[in-house]
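Worksheet: one structure, shown below.
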Amino acid sequence: VTTLSPGISTAADFRLGDFRTAGGALLRQAVLRYRVFGDPARGRERGWTLVFHALTGSHQVDQWWGPLLESGQPLDPSGGPVIAANLLGSCYGSTGPSQNDGPWPELTTEDLARAHIPLLEFLGIDRLALATGGSLGGMVALQWARVTPIPTDRVVVFAAPARTSAQSIAWNAAQRMAIEADPATGLAAARAIAMITYRSSLEFGQRFGRERNGQPDKFAVESYLRRQGDKLVARFDAASYLSLMRSMDLHDVGDLTEAGRETATRVGAIVGVGIDTDILYHRDEVHAWVDAYRAAGARTAYREIRTVFGHDAFLIEWDQVAEILRK
Ligand code: COA
């Protein structure tokens, strides 16, 4: 384990050790790679923020939420340290299926959340000002709110339902079929399928229309999807993709009244953020858990991002995301 010097932002490995999943499987000698932005010594006075990444993100929050970490922005580390860990199953330093001998267990979003508890205890974090994330990261944040033994003042969940719908499992199933046919070209096809669900018909129409990319046989939107597929193949592991997709399929906080009650005892307030053009995790699904949690006694609020970008808006609409976090 690398010890962090005050003020230094660096990645380090935490030996999580043997990790028992909710399903009873044992993941042996697991490691979590994490990164702290800012000075850990100021966490007690200023409050820590815990960030959970989405499907193909990582603990390198600056690579995907960079604008929010800038000076004066809501996650500016000088206002309080920010910590993120690479989720179990991913391929950016934490234990994933490609580093593991023996069968790889199913990990639920609750497992992914729970794996953070020993890490935060190791770092001496006894209170969080904020826990947040979007998409898969939002699902893990929602589970964090139910299970955290570490008091958390605010949880902000971007674009995530309380349980994954049949439609969302179906999108993942099509991606799985592509990867099963061939891990490399299949991962590219999976990314292309996913990108259709991450954006919107309106954006594709405005951005690409029926244009061709120089070559008469290729529509611009097709070249775009192929480019996104190739980029992911160059940086991501197909087995990790399958593991994290499975976690998304399994995502379910259980009975909403009970989950709302559990959340009310552990966090000060929880905010659900829907995206008006999100076809993957519809804003109505976010609204539904916010309402149920409120009825169960949790302090909650619903906020909405208005955008042409669809699900990906939590990675694009910086002003709206920052405004929600600031408030
Ligand atoms: N043909 C080929 N390539 C094209 C193109 C076309 N017609 N039009 C655009 N592109 C390429 C650009 O060259 C650029 O590629 P580069 O990154 O290699 O320079 C890229 O597409 C830019 O478009 P895009 O990626 O859509 O940028 P954005 O700013 O709109 O979106 C992200 C940024 C990070 C949101 C997006 O790239 C992304 O990765 N989305 C998926 C993230 C994700 O995993 N979300 C959900 C998690 S569960």
Side-chain angles (χ1 to χ4, degrees), residues 51-58 60-68 84 86-87 89-92 109 112 132-142 157-161 164-165 167-169 171-172 175-176 187-188 190-238 240-251 273 275 277-282 285-286 305 307-321:
V51 176
F52 303 106
H53 66 77
L55 177 60
T56 65
S58 75
Q60 311 281 23
V61 182
D62 55 322
Q63 290 176 6
W64 51 275
W65 257 7
L68 302 177
N86 187 215
L87 296 174
S90 181
C91 54
Y92 290 112
T109 50
L112 300 182
T132 185
S135 197
L136 170 60
M139 295 174 179
V140 179
L142 204 47
V157 175
F158 290 91
T164 299
S165 68
Q167 174 87 353
S168 300
I169 295 170
W171 285 114
N172 283 351
Q175 295 180 54
R176 230 173 338 265
L187 182 60
R191 183 61 160 185
I193 294 166
M195 286 304 304
I196 303 169
T197 72
Y198 295 161
R199 313 303 279 242
S200 76
S201 155
L202 187 61
E203 187 214 347
F204 279 0
Q206 289 174 351
R207 190 171 176 184
F208 306 112
R210 297 182 48 77
E211 272 169 40
R212 315 258 170 147
N213 256 21
Q215 307 144 283
D217 62 329
K218 287 267 183 321
F219 283 99
V221 68
E222 177 170 353
S223 309
Y224 170 75
L225 293 178
R226 285 180 183 273
R227 171 93 191 108
Q228 297 290 339
D230 291 346
K231 275 194 341 188
L232 191 73
V233 169
R235 71 175 180 88
F236 214 79
D237 174 57
S240 282
Y241 196 87
L242 290 173
S243 176
L244 292 172
M245 260 202 321
R246 181 72 181 153
S247 299
M248 295 170 95
D249 288 351
L250 294 171
H251 173 65
V273 184
I275 296 171
T277 49
D278 193 336
I279 59 164
L280 184 58
Y281 303 122
H282 201 271
E285 295 179 71
V286 179
I305 295 176
T307 181
V308 298
F309 292 110
H311 182 68
D312 262 355
F314 76 96
L315 298 167
I316 298 173
E317 296 282 9
W318 302 116
D319 291 349
Q320 293 185 65
V321 171

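Counting starts at 1 for both ligands and their atoms, in listed order.
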Starting from atom 26 (O) of ligand 1, which protein heavy atom do you reach first, and at what distance in Å?
Tyr224 OH, 2.5 Å
Per the side chain to side chain donor-acceptor pair (under 3.5 Å) rule, which among Gln320, Glu317, Glu203 passes with Thr307?
Glu317
Where is the nearest protein heavy atom to atom 38 (C) of ligand 1: which residue, which atom, and how far?
Asp312 OD2, 3.9 Å
Please list, in number order, the atoms of ligand 1 under 4.0 Å from a heavy atom of Arg191.
39 (O), 41 (C), 42 (C), 44 (O)
May I ask you to decide if Ser58's main-chain N or O and Trp64's side chain share a donor-acceptor pair within less than 3.5 Å?
yes
Is it the case that the side chains of His311 and Thr197 hold a donor-acceptor pair, with the cut-off being a distance below 3.5 Å and no angle test?
no
Those atoms of ligand 1 less than 4.0 Å from some heavy atom in Arg199:
26 (O), 28 (P), 30 (O), 31 (O), 35 (C), 36 (C)
Under 6.0 Å from the ring centre and within 45 degrees of the ring axis: does the NZ or CZ of Arg191 meet both conditions for the six-membered ring of Phe236?
no
Is at least one protein non-hydrogen atom found at under 4.0 angstrom from atom 34 (C) of ligand 1?
no
Ranked by distance from atom 6 (C) of ligand 1, the top protein heavy atom is Asn213 ND2, 3.6 Å
Please determine if Ala220 has a nitrogen or oxygen closer than 3.5 Å to a nitrogen or oxygen of ligand 1.
yes
Short side-chain to backbone donor-acceptor contact, Ser200 and Val308, under 3.5 Å:
yes
For Leu55, the atoms of ligand 1 under 4.0 Å from one of its heavy atoms are 48 (S)
Compute the minimum heavy-atom distance from Glu222 to ligand 1 and say whether it is under 4.0 Å.
no
Evaluate Met248 against Ser135 for side-chain contact (heavy atoms from CB on, under 4.5 Å), listing each step before the verdict.
CA-CA 9 Å; Met248 295 170 95; Ser135 197; 4.2 Å; yes
Part of Ser135 with heavy atoms under 4.0 Å of ligand 1, whether side chain, backbone, both or neither
side chain
Under 4.0 angstrom from atom 41 (C) of ligand 1, is there any protein heavy atom?
yes
Show, in sequence, the C-alpha distance, side-chain angles and deciding distance for Thr277 and Phe309, and conclude whether the side-chain contact (heavy atoms from CB on, under 4.5 Å) test is met.
CA-CA 7 Å; Thr277 49; Phe309 292 110; 5.9 Å; no
Tell me whether atom 14 (C) of ligand 1 lies less than 4.0 Å from at least one protein heavy-atom position.
no
Which pair of heavy atoms, one from Ala159 and one from Tyr281, lies closest together, and at what distance?
O-CD1, 3.4 Å
Give the residue, atom name and distance (to 0.1 Å) of the protein heavy atom nearest atom 37 (O) of ligand 1.
Gln228 OE1, 3.9 Å
Answer yes or no for atom 29 (O) of ligand 1: protein heavy atom present at a distance under 4.0 Å?
no
Quick one: does NZ or CZ of Arg212 land under 6.0 Å from the six-membered ring centre of Phe219, within 45 degrees of the ring axis?
yes
Residues Val273, Phe314; criterion side-chain contact (heavy atoms from CB on, under 4.5 Å); working and verdict
CA-CA 9 Å; Val273 184; Phe314 76 96; over 6 Å; no
Evaluate the side-chain contact (heavy atoms from CB on, under 4.5 Å) criterion for residues Tyr92 and Gln63: first the C-alpha distance (whole Å), next the side-chain angles of each, then the deciding distance (0.1 Å), finally the verdict.
CA-CA 13 Å; Tyr92 290 112; Gln63 290 176 6; over 6 Å; no
Nearest to atom 23 (O) of ligand 1, what protein heavy atom do you find, and at what distance?
Arg207 NH2, 2.8 Å
If you have a sec, work out which protein heavy atom is nearest atom 18 (O) of ligand 1 and how many Å separate them, to one decimal?
Arg227 NH2, 2.5 Å
Which of the atoms in ligand 1, numbered in the order shown and given with their element, are less than 4.0 Å from a heavy-atom of Thr56?
44 (O)
Which atoms of ligand 1 sit under 4.0 Å from any heavy atom of Met195?
40 (N), 41 (C)
When you measure from the side chain of Ser247 to the backbone of Thr109, do you find a donor-acceptor pair of N or O atoms at a distance under 3.5 Å?
no
heavy-atom search around atom 8 (N) of ligand 1 in the protein gives Phe208 CE2, 3.6 Å
When you measure from atom 16 (P) of ligand 1 to every protein heavy atom, which one gives the shortest distance, and what is it?
Lys231 NZ, 3.5 Å
